[in-house]
Amino acid sequence: MISIDILPEDFLNTAIKDNLDIKEYIIAVKTDINSLGEFAPSWVILTEKYLYCISEDFSGTEKYDLKYIKEVFAESLVSIGMLTFKTDMGYVEVCKFSNTLVPKFSCFASVTNKIIRGEEVREEDIDKNVEHRCEKCGKYLPNNSMRTCPSCIDRKAIILRLFAYGKKFKVQIAVITLFLLLTTIFSMVGPYLSGTVFFDYVLTDNGKADVFGVDLYGKVVLIVIILVAFRIFSMITNIIYGRISAKVSGEMVYNIKTDVFESMQKLSMKFFSNKMTGNLMTRINSDTNEILYFFIDGLPFVITTVLNILAMGAFMMAINPWLGLLCLIPPPFIFMFFRKFMPKFRKMHNTLFRRRSSMNSRMNDSFSGMRVVKAFGKEQAEVRNFGRDSMRFSDSAVKVDIVSSTVFPVIGQSMFIVTIFVYIIGGLFIINGNFTFGLMTTYIGYMSTIFGPMSNLANTVTWASYAMNAANRVFEVIDAVPDIKDCEAPVSMPDIKGDVSLKNISFSYEVNKPVLHNISVDVKAGEMIGLVGHSGAGKSTITNLITRLYDVNEGEITIDGVPVKNIKLEDLRKQIGMVLQDTYLFIGTIAQNIAYSKPEASLEEIILAAKTANAHDFIVKLPDGYDTMVGVGGSGLSGGEKQRLAIARAILHNPKILILDEATSALDTETEQQIQEAMEKLVKGRTTFAIAHRLSTLRNADRLMVIEKGRLVELGTHEQLYKAEGVYYKLHKLQQEALKIRGVE
Amino acid sequence: MSEINILGKIDFVDCRDLTMRKTEGGFISLTINEKEYERVNFYRAFPLSKPDEYISVRDNDKNEICLIRNINELSQEYAQLVKMDLDRRYFTPEIIKINTVKDEYGYVYMNMLTDSGERSVTIPNGSSNFIRLSDVRLILIDIDGNRFGIEDYLKLDEKSVRLLETLI
């Protein structure tokens with residue numbers, strides 16, 4: 001028994017009592033919407049012979065005999081899904097489910113279909129991770145790649161791991177800790193000097209004169225000098241502290257970033273297509289920065305604040321407990337207040353932020369579409385639209401301002417009120433001779449040191465949890481295991497011949513959405529195969545499998561008789577070259593880009609490759625020649641020029657197997673001729689798989705594979721296929737007519 | 001100068017040509033021009049703004065069979081069948097009350113009462129998931145693409161309005 005959802009014992013027992021024979025169920029899944037369209041759970045259960053749909057409270061039971069079911073479908077409607085099956089008599093609805101459960105039901109349908117067809121169901125057919133819920137609390141995960149939700153992550157483990165990055169900097173961290181202690185001492189000493197020492201010792205005759213055995217009475221200049229010296233000293237420690245901590249945290253973050261980037265490079269394409277690139281950049285950049293800021297600003301702040309509170313609190317309590325208490329009671333309340341208030345305030349800010357971005361995108365929309373706006377005379381309509389968004393933004397901004405201009409002064413005043421009380425009670429103590437004016441000044445100095453950071457301290461709690469999340473996400477990437485890696489005993493093949501053979505391969509990127517079905521073909525070394533078919537037919541997928549960017553689900557791909565899975569990845573990649581529709585140029589010179597696959601190439605080799613690719617001419621004409629900097633998308637170069645650089649790159653790479661994916665689309669006729677010529681030189685002697693929309697570009701192919709809806713429908717030379725008058729013939733005809741209309745042949 | 005008109009006319013189906021039947025499996029089979037379709041599905045061309053107009057009738061391979069201008073042109077019996085199919089496809093429970101809203105880590109966790117029962121949803125934080133159809137009418141789309149509607153959010157109870165207003 002393998003199951004997506006486990007049937008609860010009670011439910012199973014009651015069902016069996018009701019004579020429902022579901023004890024030996026194969027797979028069960030729980031839906032969240034009943035037949036009336038209410039959010040109420042039902043169970044869909046598959047046994048050897050029957051398909052059941054039983055509502056959780058047993059108010060309704062349906063039983064379908066598998067004998068009559070041809071195929072089961074998990075249909076996706078607009079905002080709901082439906083499990084249906086087909087019989088000879090037509091379609092039948094089994095149950096509904098919300099979009100949340102689509103992956104589960106897709107999996108259920110595919111397993112059920114296997115059973116109907118009499119195939120064996122294996123453990124791996126069931127995608128265990130179909131539901132993105134927190135492993136601990138079951139709450140829906142905000143991010144598919146997470147395993148535990150933000151509130152359940154193991155904070156202790158993460159903190160320990162973060163600290164592990166600090167191991168290298170033991171000395172620096174010791175110094176930082178020492179300096180944090182010094183900072184606390186300085187903030188203690190400051191108010192003491194300017195308060196107690198100044199008023200009670202320096203200005204008071206017969207004060208306790210024997211500080212360090214020195215009578216301080218009247219020594220105003222001395223105390224001022226000491227105060228200034230302390231200031232300067234404290235400033236110097238702050239500078240040194242800042243410099244060390246910047247260096248340490250910078251390097252720590254550098255190490256984390258490098259680790260993340262390195263693990264990402266190891267991961268397979270699947271990882272990258274599952275996540276948006278932007279998302280990945282966020283992980284490397286803002287997540288690590290979040291950690292950095294917490295460590296550089298947040299943590300030391302918390303430490304000094306807490307130390308201050310402890311040290312000053314102890315001092316105040318020791319000298320005068322009553323006055324001490326008066327000073328120490330309000331801070332916890334202020335802290336609690338901010339803890340409660342800040343999230344609300346942040347929420348208001350979020351609203352403000354949301355409204356601002358919708359206003360900005362409206363503005364951006366209008367400005368970048370200004371030609372269209374003006375051409376259709378829609379200026380007034382745009383003004384109206386903007387006015388609406390702008391009004392909503394301004395409403396929200398006013399709200400935020402009103403709240404902040406009310407709450408913060410009140411909080412500020414509350415501190416003032418406490419100070420007044422200290423004056424009153426302290427004053428009384430002084431009159432009674434139990435206290436001194438200097439001490440009272442020190443108390444007031446300490447109070448502002450303690451009160452000041454309360455709002456920030458309250459923020460730090462949230463800040464810490466954000467940093468923990470960021471760290472969690474970062475570690476998740478670092479820990480991810482690449483699913484494409486060398487097998488245990490990889491075969492080293494430094495020099496492959498180029499025989500490629502596909503044996504009954506099937507593949508799907510997502511469960512239940514097969515892209516390729518049962519494709520077989522034997523390709524001899526040096527042969528050029530053209531892949532033909534509508535877009536989305538699965539042509540690029542075939543090349544992705546040959547290059548092992550993905551692994552096949554079923555069947556096998558061999559090169560020179562060795563399964564690709566067993567070939568050492570390094571050897572495999574070295575001998576496969578790709579020229580794609582969009583040539584990606586990395587930041588660097590043209591020469592570096594050509595030599596990307598072979599950095600040790602000599603300049604002559606680079607020029608030779610460029611010449612063969614018909615690129616030399618245009619490169620030399622550029623002001624900076626081969627030293628021209630290209631980058632992010634290869635700005636400044638035309639599509640055809642970039643394409644020829646890609647060909648030069650592939651020529652230098654000199655692979656045994658070559659993939660050309662739409663390498664010649666969208667080029668003008670002249671450049672195309674040049675590229676075609678370069679391409680012919682490149683292809684010679686290599687096993688080539690070429691994908692092209694324009695069938696004429698495949699005229700040199702030895703054989704054509706016609707792919708339709710993931711199946712290989714025709715295989716043969718152009719003449720053979722043309723004569724057969726099948727799919728290829730139709731495609732060819734269609735295209736010729738289209739080209740005739742455009743006046744191209 | 002005469003007016004240039006390159007737009008043809010939409011060929012709406014004459015609803016008198018249609019016969020429909022509810023199948024045992026809960027679907028609708030349709031006969032038009034003596035051709036029978038074992039199962040047809042109905043799609044709204046304007047699901048949000050004109051739910052009852054411009055209904056596209058499609059076979060099970062999603063090819064369009066015909067276009068109905070307005071459900072009201074159908075007989076009451078057929079109109080009901082079509083509505084049933086549409087309501088199933090465009091399942092959008094109406095929100096009656098918002099119980100809790102938690103805005104955390106870029107996602108809004110919301111618990112609410114709908115006319116289909118209680119439901120907790122996760123909504124990515126961002127205005128594109130709160131569609132304003134008019135000043136008061138809203139559609140919420142959660143992280144999985146489930147939809148929820150509010151006819152007039154100002155008519156909800158005070159707490160729900162307050163909670164909603166922080167989000168839109």
Side-chain angles (χ1 to χ4, degrees), chain A residues 32-40 73 75-82 84-87 89-94 96 98-103 132 139-144 146 149-151 343-344 346-348 350-351 353-355 357-358 361 388-389 392 395-396 399 462 465-466 469-470, chain B residues 23-29 37-39 41 43-44 47 60 84-93 101-109 113-130 132 135 139-149 163 165-168:
Chain A
D32 51 358
I33 300 176
N34 68 11
S35 56
L36 301 170
E38 289 160 347
F39 293 123
F73 306 90
E75 294 185 36
S76 207
L77 308 185
V78 175
S79 55
I80 195 170
M82 194 164 55
T84 59
F85 61 78
K86 196 181 179 193
T87 67
M89 308 288 291
Y91 285 87
V92 175
E93 176 190 326
V94 181
K96 298 186 180 83
S98 77
N99 274 356
T100 312
L101 302 179
V102 168
H132 301 291
K139 192 152 111 182
Y140 204 80
L141 284 179
N143 190 325
N144 286 353
M146 293 174 124
C149 76
S151 39
K344 284 195 183 123
R346 211 169 16 248
K347 217 178 247 176
M348 289 171 70
N350 284 346
T351 313
F353 174 78
R354 246 193 312 264
R355 291 186 179 179
S357 40
S358 80
S361 53
R388 206 165 37 223
D389 283 343
R392 277 158 45 74
D395 281 351
S396 172
K399 231 184 213 167
T462 323
S465 68
Y466 273 100
N469 275 319
Chain B
T23 67
E24 269 177 58
F27 294 99
I28 294 166
S29 80
Y37 297 88
E38 168 191 313
R39 173 181 166 188
N41 301 304
Y43 291 76
R44 287 177 173 140
N60 220 20
M84 174 205 85
D85 195 76
L86 286 173
D87 283 345
R88 172 162 62 191
R89 175 168 303 278
Y90 298 89
F91 180 69
T92 310
V101 169
K102 200 171 173 199
D103 192 346
E104 207 177 39
Y105 312 111
Y107 292 85
V108 177
Y109 299 90
L113 184 68
T114 71
D115 57 1
S116 287
E118 197 185 315
R119 181 92 177 165
S120 292
V121 295
T122 309
I123 305 170
N125 201 341
S127 46
S128 62
N129 290 78
F130 298 88
R132 262 172 185 269
D135 281 345
I139 297 278
L140 264 61
I141 303 177
D142 80 356
I143 193 165
D144 300 303
N146 298 312
R147 285 159 186 249
F148 301 89
L163 289 174
E165 277 192 332
T166 59
L167 299 171
I168 52 178

Engineer: What residue, out of Gly81(A), Ser396(A), Ser98(A), has the most heavy-atom pairs lying under 4.5 Å from chain B?
Structural biologist: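 Among the listed options, the one with the most contacts to chain B is Ser98(A).
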Engineer: Measure the spacing between CG of Asp142(B) and CG of Asn99(A) and express it to the nearest 0.5 Å.
Structural biologist: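 That separation rounds to 7.5 Å.
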Engineer: Starting at OG1 of Thr23(B), measure out to CD of Glu93(A) and round the result to the nearest 0.5 Å.
Structural biologist: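 Separation between the atoms: 10.0 Å.
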Engineer: Let's test your reading of the structure: which of Leu36(A), Asp32(A), Thr87(A) forms the most heavy-atom pairs below 4.5 Å with chain B?
Structural biologist: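 Top count of heavy-atom pairs under 4.5 Å with chain B: Asp32(A).
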Engineer: Working to the nearest 0.5 Å, report the span between CE of Met82(A) and CZ of Phe91(B).
Structural biologist: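 Going from the CE atom of Met82(A) to the CZ atom of Phe91(B) covers 13.0 Å.
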Engineer: With only heavy atoms counted, which part of Thr84(A) is less than 4.5 Å from chain B, the side chain, the backbone, both or neither?
Structural biologist: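 Contact with chain B: side chain only.
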Engineer: Measure Arg44(B) against the heavy atoms of chain A and call it side chain, backbone, both or neither at under 4.5 Å.
Structural biologist: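 Contact with chain A involves no heavy atom of Arg44(B) at all.
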Engineer: Go through Glu118(B), Arg132(B), Glu24(B) and name the one with the most non-hydrogen pairs under 4.5 angstrom from chain A.
Structural biologist: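 Highest number of pairs under 4.5 Å: Arg132(B).
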Engineer: Pick whichever of Ser120(B), Ser29(B), Gly145(B), Pro93(B) has the most heavy-atom pairs under 4.5 Å with chain A.
Structural biologist: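 Option with the greatest count: Gly145(B).
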Engineer: Do Thr100(A) and Asn146(B) meet the criterion of a side-chain donor-acceptor pair at a distance under 3.5 Å?
Structural biologist: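 A pair is found: one side chain offers a donor N or O, the other an acceptor, under 3.5 Å apart.
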Engineer: Atom CG in Leu77(A), atom CG in Leu86(B): separation rounded to 0.5 Å?
Structural biologist: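 Rounded to the nearest 0.5 Å, the CG-CG separation comes out at 11.0 Å.
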Engineer: Just do the side-chain hydrogen bond (donor to acceptor under 3.5 Å, both in side chains) check on Ser79(A) and Arg89(B) with the steps written out, would you?
Structural biologist: CA-CA 7 Å; Ser79(A) 55; Arg89(B) 175 168 303 278; over 6 Å; no
Engineer: Need one label for Asp87(B): side chain, backbone, both or neither, based on atoms under 4.5 Å from any heavy atom in chain A.
Structural biologist: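 The answer is neither part of Asp87(B).
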Engineer: What part of Thr114(B) gets closer than 4.5 Å to chain A, counting heavy atoms only: side chain, backbone, both or neither?
Structural biologist: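 Contact with chain A is through the side chain of Thr114(B) alone.
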Engineer: Counting heavy-atom pairs under 4.5 Å to chain B, which of Lys96(A), Met348(A), Arg355(A) comes out on top?
Structural biologist: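 Ranked by heavy-atom pairs under 4.5 Å with chain B, first place is Arg355(A).
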Engineer: Using a strict threshold of under 4.0 Å (side-chain N to carboxylate O), is an ion pair present between Arg39(B) and Glu75(A)?
Structural biologist: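 Result for this pair is yes, salt bridge flagged.
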Engineer: What part of Pro47(B) lies closer than 4.5 angstrom to a heavy atom of chain A: side chain, backbone, both or neither?
Structural biologist: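 Looking at Pro47(B), nothing touches chain A.
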Engineer: First locate atom CZ of Arg119(B), then atom CD1 of Ile33(A), and finally report the distance between them rounded to the nearest 0.5 Å.
Structural biologist: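 Atom-to-atom, Arg119(B):CZ and Ile33(A):CD1 are 6.0 Å apart.
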Engineer: Roughly how far, to the nearest 0.5 Å, is the OH atom of Tyr91(A) from the CD1 atom of Ile28(B)?
Structural biologist: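 The distance works out to 15.0 Å.
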Engineer: Looking only at heavy atoms, which two atoms of Ser116(B) and Gly37(A) are closest? And how far apart?
Structural biologist: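 For Ser116(B) and Gly37(A), the tightest heavy-atom pair comes out as OG-O, 2.7 Å.
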